[in-house]
Amino acid sequence: MMTTTTMEMSVDHFESIYAEADGNPSRVPWADERPSPSLVNWLNAVAPSLIRCGARVAVVGCGLGDDARELIKRGYDVMAFDWSETAVKWAKRLDPMNTSAYHTADLFDLPSRWHHRFDLVVEVNTLQSLLPEQREGALVPLANMLSKHGHLLVICRESDTAVDLSDGPPWPLTQDELQGEAESAGLKLFE
């Protein structure tokens with residue numbers, strides 16, 4: 001039996017939020033209608049030394065596509081996905097020139113054609129929207145998307161201490177938790 005909290009984090013929950021918003025982004029709690037400032041800063045300061053223009057980039061949990069559009073604007077070959085079919089359709093309406101970039105997919109059951117394909121995988125606040133018990137192994141499918149010399153960018157809120165379920169969603173991650181997930185996925189963590 002699903003608890004209320006688990007139900008809240010289901011695909012149906014996210015789908016219902018986008019559907020009930022009825023085209024109004026202000027009714028989607030996490031829709032900022034702009035790319036993540038942390039992503040923009042990283043793209044300006046770090047990306048030029050790591051990722052070439054035209055590189056293949058995957059955007060995880062793309063929502064309305066703000067981060068994907070920023071990456072496309074900068075010349076990257078972007079594939080963005082979200083659990084919510086309504087969010088993906090909405091992102092396509094917002095970006096009619098790049099509809100082929102947006103897909104509906106399950107983070108924990110990604111298409112095999114996406115394995116080892118991307119030079120950069122961008123994850124912004126998706127891990128912290130998962131229940132803490134759902135996070136275990138969540139970086140593994142993202143690591144599997146990376147090409148041999150690919151990079152995973154994780155942007156999330158941090159906490160010094162483990163969080164209680166009443167602290168979220170979203171649930172910030174501790175440095176140790178992120179480090180442990182990265183190690184179990186075979187990744188090195190850089191700050």
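- Side-chain contact check for R34 versus V40: every heavy-atom pair is 4.5 Å or farther apart.
- Checking D82 against S84 by side-chain atom types alone, no donor-acceptor pair falls below 3.5 Å.
- When ring centroids are compared, F14 and W30 come within the 6.0 Å threshold.
- Using bins of under 30°, 30° to 60° and over 60° for the plane-to-plane angle, the ring pair F108/W83 lands in the tilted bin.
- Distance alone, capped at 3.5 Å, places no donor-acceptor pair between the S147 side chain and the R117 backbone.
- Taking the six-membered ring where tryptophan is involved, the planes of Y18 and W90 are perpendicular, since the angle between them exceeds 60° and thus also 30°.
- A donor-acceptor pair under 3.5 Å is formed between the side chain of E15 and the backbone N or O of E85.
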Q: Determine, stepwise, if the pair L43 / L71 fulfils side chain to side chain contact (heavy atoms under 4.5 Å, CB included).
A: CA-CA 9 Å; L43 289 170; L71 288 155; 3.7 Å; yes

Compile the donor-acceptor pairs under 3.5 Å between side chains in residues 139-146 and protein atoms, sequence neighbours left out, one pair per line.
{"from": "N144", "atom 1": "ND2", "to": "V140", "atom 2": "O", "distance (Å)": "3.4"}

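- Taking both residues in full, the closest heavy atoms of A101 and V78 are given as CB-O, 3.3 Å, listed atom of the first, atom of the second, then distance.
- Looking only at distances, no side-chain donor or acceptor of T126 sits under 3.5 Å from a matching main-chain atom of E123.
- Counting heavy atoms from C-beta outward, P25 and E33 have side chains that approach closer than 4.5 Å.
- Ion pairing between a basic and an acidic side chain is recognised when a charged N comes within 4.0 Å of a carboxylate O; K92 and D95 show no such pairing.
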